[in-house]
Amino acid sequence: MAAEFAELISILPLDVTDTPACEAAVAEAETILGGPPDLVVFAAGAWQPMGVSDLDPAVARSLMNVNYLGAVNVLAALLPGCRERRRGHIAVIASVAGYRGIPRAAGYGPTKAALINLCESLKPELDAAGVRLRLVDPGFVATPMTAVNDFPMPFLLAAEDAAERLFTALTRSSRFEITFPKRFTWGLKFLRLLPYGAYFALMRRLDRGRKRG
Ligand SMILES: NC(=O)c1ccc[n+]([C@@H]2O[C@H](COP(=O)([O-])OP(=O)(O)OC[C@H]3O[C@@H](n4cnc5c(N)ncnc54)[C@H](OP(=O)(O)O)[C@@H]3O)[C@@H](O)[C@H]2O)c1
């Protein structure tokens, strides 16, 4: 694929946990493009199930380094150029797993909650600076990340379908949050409104169902 579109696509290998490498990659992209990119989608991410029996600081740190601090690295490298030119469109892929704590997501969920909070925090200032920040909270998508999951994934989308929905939302809507499929993600939005008693009753049922297989 890269060879087929070699004249249109430049590929810059990048580890988003490496702050200087993010700065260098943004500088190189700006040189190639002759200015700041029109659109950046931060999609780097890692997932590993974690709960009470396998709570592991090294795993938590590694997930936080990629999912959250990786986004901070990329945003910190991109934003000065965007603000200076008063343009730019940046989409950060978080997840509905960041809405509330979910059993077995004790490593991943907090990284996505942190991303959601980060984007909410930065948006008002970026609006004033003429830079568009979008938050993307997908449900389940069939990718290598979810291929390892051994639990039911309701409303699982094909990767091509998810990419199409993301592209359409990025190019045709101006909403801050992009979320799909709505039948699933709006249900999770409703769960955010539940008081703890009702929420934990539901999560205990979910966890018991998972343990029964
Ligand atoms: N799949 C889902 O159901 C789902 C749902 C909600 C949100 N998301 C989020 O959507 C995003 C894309 O996930 P995906 O489902 O497409 O998973 P994926 O197939 O596992 O892709 C993850 C991507 O992140 C890259 N990556 C990992 N560590 C990196 C690092 N240190 N530096 C740079 N890139 C790194 C990987 O690159 P390499 O292949 O080179 O390692 C890979 O391209 C993630 O943020 C994920 O959390 C996914």
Side-chain angles (χ1 to χ4, degrees), residues 1-2 9-26 28-29 37 39-50 58-78 90-119 133-167 169-170 176-189 191-192 210:
M1 168 125 168
I9 297 175
S10 299
I11 296 171
L12 311 177
L14 173 65
D15 176 355
V16 297
T17 66
D18 181 339
T19 307
C22 290
E23 289 162 0
V26 168
E28 194 174 345
L39 171 68
V40 173
V41 179
F42 180 84
W47 145 255
Q48 192 167 324
M50 193 164 83
V59 171
R61 198 174 300 115
S62 145
L63 294 176
M64 199 53 105
N65 275 340
V66 176
N67 297 1
Y68 173 66
L69 293 171
V72 174
N73 279 335
V74 170
L75 287 168
L78 273 171
I90 303 168
V92 173
I93 304 193
S95 167
V96 289
Y99 284 177
R100 285 193 93 159
I102 302 170
R104 301 300 296 152
Y108 180 80
T111 70
K112 297 300 185 175
L115 271 184
I116 293 170
N117 196 294
L118 172 77
C119 292
L133 180 65
R134 317 287 293 277
L135 170 68
V136 187
D137 288 325
F140 290 113
V141 181
T143 65
M145 180 177 281
T146 47
V148 297
N149 291 347
D150 59 0
F151 50 82
M153 292 183 276
F155 302 102
L156 179 73
L157 292 179
E160 295 74 14
D161 186 0
E164 196 80 47
R165 288 170 193 243
L166 176 58
F167 181 75
L170 285 172
F176 169 59
E177 189 193 29
I178 298 168
T179 181
F180 49 79
K182 292 207 166 58
R183 274 180 304 168
F184 180 58
T185 61
W186 285 16
L188 292 174
K189 280 180 186 296
L191 292 188
R192 281 204 292 198
R210 179 188 65 78

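Just so we're clear, the structure is a prediction, and the values are computed from it rather than from any experiment. Counting convention: from 1, in listed order, for ligands and their atoms alike.
Every atom of ligand 1 is numbered from 1 in the order shown, and the set under 4.0 Å from a heavy atom of D15 is 30 (C), 31 (N), 32 (N). In the vicinity of I93, heavy-atom distances shorter than 4.0 Å reach the ligand 1 atoms 9 (C), 10 (O), 11 (C), 45 (O). With ligand atoms numbered from 1 in the order given, ligand 1 contributes 19 (O) to contacts under 4.0 Å with heavy atoms of P144. Residue P138 has at least one heavy-atom neighbour below 4.0 Å for each of these atoms of ligand 1: 6 (C), 7 (C). Close contacts of ligand 1 with L14, meaning ligand atoms under 4.0 Å from a residue heavy atom, involve 32 (N), 33 (C). Under a 4.0 Å criterion applied to the non-hydrogen atoms of T146, ligand 1 contributes the atoms 1 (N), 2 (C), 3 (O).
Within the structure, the closest approach of F140 to ligand 1 falls below 4.0 Å when heavy atoms are considered. Ligand 1 is never approached by A97 to a heavy-atom distance shorter than 4.0 Å. Heavy-atom distances between M153 and ligand 1 stay at or above 4.0 Å for every pair. Assignment of G70 to the shell around ligand 1 is not supported, since no heavy atom sits closer than 4.0 Å. Contact between F42 and ligand 1 is absent, with no heavy atom of the residue lying under 4.0 Å from the ligand.
Looking at A46 against ligand 1, nothing comes within 4.0 Å, counting heavy atoms. If you look at V96 next to ligand 1, there are no close heavy atoms at all, none under 4.0 Å. Under 4.0 Å from ligand 1, heavy atoms of V16 appear from its side chain as well as its backbone.
With a 4.5 Å cut-off on side-chain heavy atoms, W47 and V148 count as touching. R165 places a side-chain heavy atom less than 4.5 Å from the side chain of P181. The closest side-chain heavy-atom distance from V26 to V40 is not below 4.5 Å. With a 4.5 Å cut-off on side-chain heavy atoms, T146 and V141 do not count as touching.
For atom 21 (O) of ligand 1, no protein non-hydrogen atom is found at a distance below 4.0 Å. In this structure, atom 12 (C) of ligand 1 has protein heavy atoms in its sub-4.0 angstrom surroundings. Atom 43 (O) of ligand 1 lies below 4.0 Å from none of the non-hydrogen atoms of the protein. Protein non-hydrogen atoms do reach within 4.0 Å of atom 15 (O) of ligand 1. Protein non-hydrogen atoms do not reach within 4.0 Å of atom 37 (O) of ligand 1. Distance check on atom 3 (O) of ligand 1: some protein heavy atom falls below the 4.0 Å cut-off. Contact annotation for atom 24 (O) of ligand 1: protein present (non-hydrogen atoms, distance under 4.0 Å).
Remark: minimum distance from atom 1 (N) of ligand 1 to any protein heavy atom is reached at V141 O, 3.1 Å. Scanning the protein for heavy atoms near atom 7 (C) of ligand 1, the closest one is A94 O, 3.2 Å. What sits closest to atom 29 (C) of ligand 1 on the protein, heavy atoms only, is V66 CG1, 3.9 Å. In terms of protein heavy-atom proximity, atom 48 (C) of ligand 1 is closest to M145 SD, 4.0 Å. Looking at atom 34 (N) of ligand 1, its nearest protein heavy atom turns out to be A44 CB, 3.6 Å. Protein heavy atom closest to atom 27 (C) of ligand 1, with residue, atom name and distance, is G45 O, 3.6 Å.
Comparing heavy-atom distances from atom 5 (C) of ligand 1 across S95, G139, A147 singles out G139 as nearest. For the residues Y108, W47, F180, the heavy atom positioned nearest atom 47 (O) of ligand 1 is part of Y108.
The shortest non-hydrogen separation linking V74 to C22 is CG2-SG, 4.0 Å.
Atom-to-atom distance recorded for R61:CZ and T17:OG1 is 13.5 Å, nearest 0.5 angstrom.
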